[in-house]
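Below, chain A is the first sequence line, B the second, and so on; all start at residue 1. Only heavy atoms go into these numbers, but all of them, side chains included; no hydrogens, no water, no symmetry mates.
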2 protein chains.
Amino acid sequence: MFFSKTCEYAIRAVLYIAQKSEEGRKVGIREIAVGIDSPEPFIAKILQVLSKKNLIQSAKGPNGGFYVDKGSRDTTLADIVEAIDGDRLFVGCGLGLSNCSSAKPCPLHTEFQVIRDKLAATLRAATIIRFNDELNLGLSYIKER
Amino acid sequence: MFFSKTCEYAIRAVLYIAQKSEEGRKVGIREIAVGIDSPEPFIAKILQVLSKKNLIQSAKGPNGGFYVDKGSRDTTLADIVEAIDGDRLFVGCGLGLSNCSSAKPCPLHTEFQVIRDKLAATLRAATIIRFNDELNLGLSYIKER
DNA sequence: AAAGTAAAAGAGTTTTTAATCTTTTATTTT
DNA sequence: AAAATAAAAGATTAAAAACTCTTTTACTTT
């Protein structure tokens with residue numbers, strides 16, 4: 001819809017990890033893949049990227065896995081999106097014009113600006129731990145079926 | 001950004017055609033490609049699709065080309081987007097869950113609904129001829145540089 | 001009717017995105 | 001120290017999207 005498939009998986013995975021981190025435990029790739037219905041090797045690759053950018057943390061070896069530390073508690077979905085899809089959603093032109101600007105706008109420039117701002121605000125307000133409670137209560141889902 | 005590249009070209013091309021149709025003339029693929037900065041054979045393919053779906057009209061032979069007839073004057077950008085990208089923008093889940101619904105929502109469901117509705121309303125209100133004047137006046141652009 | 005013009009149709013290529021597989025490195029437990 | 005565990009790294013494959021090329025069909029003008 002708005003994000004690449006890679007990014008959709010990334011968000012769901014991070015929300016899953018954040019949820020389990022709240023319980024103080026690390027989660028392995030296998031569990032994550034099952035927990036969010038994603039191809040295991042694919043989500044592994046994605047998490048590697050997020051881990052290298054320090055948006056999430058990881059530990060090797062027995063009892064290892066992915067988790068979020070105190071410092072990552074205020075990571076937002078905007079950070080995840082930016083890390084995976086770049087800033088195209090936040091700065092790109094809706095009609096694909098590379099030099100679109102308020103000085104030389106595409107016909108949809110102003111109207112899209114409003115929508116884009118709203119989207120950006122939503123993602124920036126969405127910390128990755130904010131959804132923990134409703135996920136725990138079964139009020140929302142990050143997995144098929 | 002929101003649309004596929006194909007769809008971006010499609011919108012720009014249709015706005016271009018609508019603008020020239022106002023002057024009562026048909027435009028060939030060559031002129032359109034130059035007018036909106038797009039690869040000529042690619043936009044040709046795209047216009048074929050739109051023409052077959054009768055969102056725009058075409059005429060073969062000398063003095064032929066693409067145009068929009070009276071009946072297509074209230075075609076909207078929503079129609080173009082739907083014809084090219086399908087309904088994913090209007091109905092798909094932001095996190096890629098195929099069974100996401102208000103009964104079983106993803107964590108972003110409600111917030112995305114607002115944004116999506118705004119986007120849909122914008123596109124549905126945007127008839128393809130609505131931008132003619134501002135394009136003619138050079139107040140907005142559908143071409144690079 | 002012939003020649004020329006322009007889109008339609010269809011097949012093909014390239015690039016990007018999505019997904020997989022194999023090997024290596026780090027860590028922990030016994 | 002050895003064995004087991006789990007992520008990191010890197011190479012590879014598959015599928016989809018973007019883009020191109022060639023041939024055909026329809027139409028118009030002369």
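Straight-line distance from the NZ atom of A:Lys26 to the P atom of C:dT28: 8 Å, rounded to whole Å. In this structure, the CZ atom of B:Phe3 is 13 Å from the P atom of D:dA18, given to the nearest Å. In this structure, B:Asp37 places its CG atom 18 Å from P of D:dA18, rounding to the nearest Å. Going from atom CD1 of A:Ile46 over to atom P of C:dT17 covers 13 Å, rounded to whole Å. A straight line from CZ of A:Arg88 to C1' of C:dT16 spans 12 Å, rounded to a whole angstrom. Atom CD in A:Glu40 sits roughly 14 Å away from atom P in C:dT22 (whole-Å rounding). If you measure from atom CD1 of B:Ile84 to atom P of D:dA18, you get 11 Å, rounded to the nearest angstrom. Look at CD1 on A:Ile43: it is 16 Å from C1' on D:dA6, rounded to the nearest Å.
Taking every heavy atom of residues 5-16 of chain B and every atom of DNA chain C, no pair lies under 4.0 Å.
Taking 4.5 Å as the limit, some side-chain heavy atom of A:Leu119 sits within range of a side-chain heavy atom of B:Phe112. Taking 4.5 Å as the limit, some side-chain heavy atom of B:Glu144 sits within range of a side-chain heavy atom of A:Ser98. The shortest side-chain heavy-atom distance between A:Asp85 and A:Phe2 does not fall under the 4.5 Å cut-off. The closest side-chain heavy-atom distance from B:Leu108 to A:Leu77 is below 4.5 Å. A heavy-atom distance below 4.5 Å is found between the side chains of B:Thr122 and A:Ile115.
No side-chain donor-acceptor contact under 3.5 Å links A:Arg12 to the backbone of B:Cys106.
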In 5'-to-3' order, the base (B), backbone-only (S) or no-contact (-) status of each nucleotide in nucleotides 4-12 of chain C, using a 4.0 angstrom heavy-atom cut-off, is BBBBBBBB-
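Within 4.0 Å (heavy atoms only), A:Pro39 reaches sugar-phosphate atoms of the nucleic acid but no base atom.
Residues forming a side chain to side chain donor-acceptor pair (under 3.5 Å) with A:Asn136 (at least two apart in sequence, or on another chain): A:Gln19, A:Glu22.
Between A:Glu8 and B:Arg88 there is no salt bridge, since no side-chain nitrogen of the basic residue lies less than 4.0 Å from a carboxylate oxygen of the acidic one. Classification of A:Asp37 and A:Arg145 as a salt-bridged pair holds, one side-chain N sitting under 4.0 Å from a carboxylate O.
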